[in-house]
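Below is one structure, written out as structure tokens, with a few remarks after it.
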Amino acid sequence: LASAADDEDTFKILIATDIHLGYLERDAIRGNDSYNTLNEILNCAKTNQVDFILLGGDLFHDNKPSRRSLHTCITMLRKYCMGDSPIHFNILSDQTVNFNTTQFPWVNYQDENLNISIPVFSIHGNHDDPTGAEGLCALDLIGASGLINHFGHSHSVEKIEISPILMQKGNTKLSLYGLGSIPDERLYRMFVNNQVTMLRPKEDQDEWFNLFAIHQNRSKHGPTNYIPEQFLDDFLDLVVWGHEHECLITPTRNEQQLFYVTQPGSSVATSLSPGEATKKHVGLLRVKGRKMNLEKIPLKTVRQFFIQDVVTSHPVLSHLSCLFFCAVCLSLEASYPPEGKKNSPATCTLPLMFVDYSGGFEMFNTSRFSQKFVDRVANPKDIIHFLRRREKKEDLEDEVNVDYGKLLRTTAVEGLRVEDLVKQYFEAAEQKVQLSLLTEQGMGKAVQEFVDKDEKDAIEELITYQLEKTQRHLQTRGVTTEQDIDTEVSKRRCFVLGVGEDEVAMNRAKAQRLERGDAPEIVDLSFNPTDVAMDSDEGFEPFPLPTRSRGRGGGRGRGGRGRGRGELLSYPFTIAERLQCVPESFIEPNINTFAPIVGR
């Protein structure tokens, strides 16, 4: 059906749900996301010359949308849905029953005062449901302006009769049912008590294609807090299920009721959950006779959403692995915008990580970690979410043999630094994964610099520096055999490595950053505010600068002689002076001075 040319007997319907217009509209980065997506959906409908648009609820995110949301919605509907294009289908049912919430009970394209080219039919959702004594919702406001046809509103709480909108295009007859959002427990009870009735045409019932739009929980959230598909009538052909945000738009067949269900999902991510991370689509439904075809159309304006699970089962490495893995992954994801686009608020991604810390270790500071990505992601405050699995309670019936040690064991490792974690890991690791050229202290220092001070070259520079020195040392010694190389490397590691050489590598990394002109990306929040005089806020520099200026307000450190924070010290000294306990045979003649030390 999709490959066949559209003719006068084929309905073309654009299907979308849960647009949530106005979601985070005050956010500096994500404020326009819902508006951009609605614009894309309406433009898609106009490009494909659809007969009408079917919305499955939650057009607005708030029950009382802002003036900006209403204004934007009306502007876009007027731009894309009004025009001179003719309408090729007719309404055959009693429209006073179908559109019972307005003083203009007829479809908008038949209004002589309006010129509609693409009619929009919509049910209400749980976000924009009717409230108040009059039972009005935001859709009724848009409907009164003649831009939307609001249907599926049930006024009774005791009995529901769903009367379809009967349409005909050529020889194809379409029966459109709709039911706006109702509390799931109430609707569940009404289905059980046979208080929900779906009316059907009296004549030629088998010739109608029956389409139903519903906005309820599809997945089970409780005994009665959802609507099972089996509750729906079996004469239906296709069910458009709103409210569920995960995009499962490909129709799935219910083998018991023998109808198909499509779940378009939301067109904007309103929660950072795995279901929102799937690719967002709208559907182009073609109906001819009793046959149908649904074409998936991907949405291009939806912000990219990355999600990753981090499970750290080793309690010692938990803190280190979380920081290191998160930093690497987010650097990769946040550094590469979509092809052909530059980093901007419109292209910032939505990375999310779930960190399972059930192994008994402490959580790290997510606010400090997120500062590195303020200008590179759209959700800097929600990058990391910590999860903890519930442990099964032990059988305490035998109170005599209770292991109180397990019940009272601590759940956090206090007072440990990253260097300590690295050292403890290698002490407990197997022999085959032990370090040969590097030391645990040096590796810990490099990781600490990478995590806390964003020195991207720290680890690489440490490895390169130690490898070069070891190679030159072996050449000087004239070692050739593999056994002699292992012996010489072990001897050099025991007597030389770790005595200031990790600082040399760190200084080289900092010097490279200064030569490139890269400034640190975050404020080092680890300093003690009492180290700096608090006389005045004027002249405060949030980043350490390569000058000899004092700290904030000209205050000195403790003792009156300390240098201000952020000062650049640059004084040379030889390796022999630094490594006084090392034999001269281990000192390289080609290196005379260390690189400048920053923030000493």
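Predicted model, so just to flag it, every value in this text is computed and none were measured.
To the nearest 0.5 Å, atoms CG (N32) and CG (L24) are separated by 11.5 Å. Rounding to the nearest 0.5 angstrom, the gap separating the OH atom in Y109 from the CG atom in N90 is 5.5 Å. Taking OG1 from T270 and CG from D18, the interatomic distance works out to 8.0 Å, rounded to the nearest 0.5 Å. With rounding to the nearest 0.5 Å, the separation of OG1 in T172 from CH2 in W208 is 10.5 Å.
T102 is not listed as a side-chain neighbour of H150, based on a closest heavy-atom distance of 4.5 Å or more. The closest side-chain heavy-atom distance from Q195 to E158 is not below 4.5 Å. Side-chain contact check for E229 versus Q257: every heavy-atom pair is 4.5 Å or farther apart.
For R67, there are no salt bridge (charged side-chain N to carboxylate O under 4.0 Å, His left out) partners at least two apart in sequence or on another chain. In terms of the ring pair (Phe, Tyr, Trp, His ring centres under 6.0 Å) criterion, Y226 has no residue partners (sequence neighbours excluded). With sequence neighbours excluded, the residues satisfying ring pair (Phe, Tyr, Trp, His ring centres under 6.0 Å) with Y177 are F235. Annotation: ring pair (Phe, Tyr, Trp, His ring centres under 6.0 Å) contacts of H61 (sequence neighbours excluded): H20, Y23, H127. Scanning for salt bridge (charged side-chain N to carboxylate O under 4.0 Å, His left out) contacts around D204 gives K173, with sequence neighbours left out. By the salt bridge (charged side-chain N to carboxylate O under 4.0 Å, His left out) test, D129 is found to be paired with no residue, residues two or more places apart in sequence or in another chain being considered. With sequence neighbours left out, the side chain to side chain donor-acceptor pair (under 3.5 Å) criterion links D184 to Q216, N217. Considering only residues two or more places apart in sequence or on other chains, E25 meets the salt bridge (charged side-chain N to carboxylate O under 4.0 Å, His left out) condition with none of them.
A donor atom on one side chain and an acceptor atom on the other are found under 3.5 Å apart for Y35 and S69.
Residue pairs meeting the salt bridge (Lys or Arg N to Asp or Glu O under 4.0 Å) criterion with at least one partner in residues 68-89, sequence neighbours excluded, do not occur; the list is empty. Sequence neighbours left out, not one pair with a member in residues 256-266 passes salt bridge (Lys or Arg N to Asp or Glu O under 4.0 Å). The stretch residues 42-66 participates, sequence neighbours left out, in these salt bridge (Lys or Arg N to Asp or Glu O under 4.0 Å) pairs: D51-K169. Within the structure, no pair that satisfies the salt bridge (Lys or Arg N to Asp or Glu O under 4.0 Å) test touches residues 87-112, not counting sequence neighbours.
Side chain of N43 to main chain of N39: no donor-acceptor pair is present (N/O by atom type, distance under 3.5 Å, no hydrogens or angles). At distances below 3.5 Å, not a single donor-acceptor pair connects side-chain atoms of N254 with backbone N or O atoms of Y260. In this structure a side-chain-to-backbone donor-acceptor pair under 3.5 Å is present from N108 to G146. Under a 3.5 Å cut-off, the side chain of T17 and the backbone N or O of L55 do not form any donor-acceptor pair. Judged purely by atom type and a 3.5 angstrom limit, R290 uses its side chain to pair as donor or acceptor with the backbone of D206. A donor-acceptor pair is defined here as one N or O able to donate and one able to accept, closer than 3.5 Å; no such pair exists between the side chain of D128 and the backbone of H124. Without hydrogens or angle criteria, S175 side chain to L166 main chain gives no donor-acceptor distance under 3.5 Å.
Residue Q49 qualifies as open at atom CD: its count of foreign heavy atoms under 6.0 Å is 12 or below. Residue F191 places its CZ atom among more than 12 non-hydrogen atoms of other residues, nucleotides or ligands, all under 6.0 Å distant. The local environment of NZ in K279 is crowded, with over 12 non-hydrogen atoms from other residues, nucleotides or ligands closer than 6.0 Å.
Using cut-offs of 30° and 60° for the angle between ring planes, the F121 and F52 rings count as perpendicular. Between F104 and W106, the ring-plane angle classifies as perpendicular under the 30° and 60° cut-offs.
What you find for C73 and I142 is that their closest heavy atoms are SG-CD1, 4.4 Å. Of all heavy-atom pairs spanning V268 and E276, the tightest one is O-OE1, 3.9 Å.
Residues R286 and E295 are paired through a salt bridge, judged by an N-O separation under 4.0 Å between the basic side chain and the carboxylate.
F212 has its ring centre no less than 6.0 Å from the ring centre of F259.
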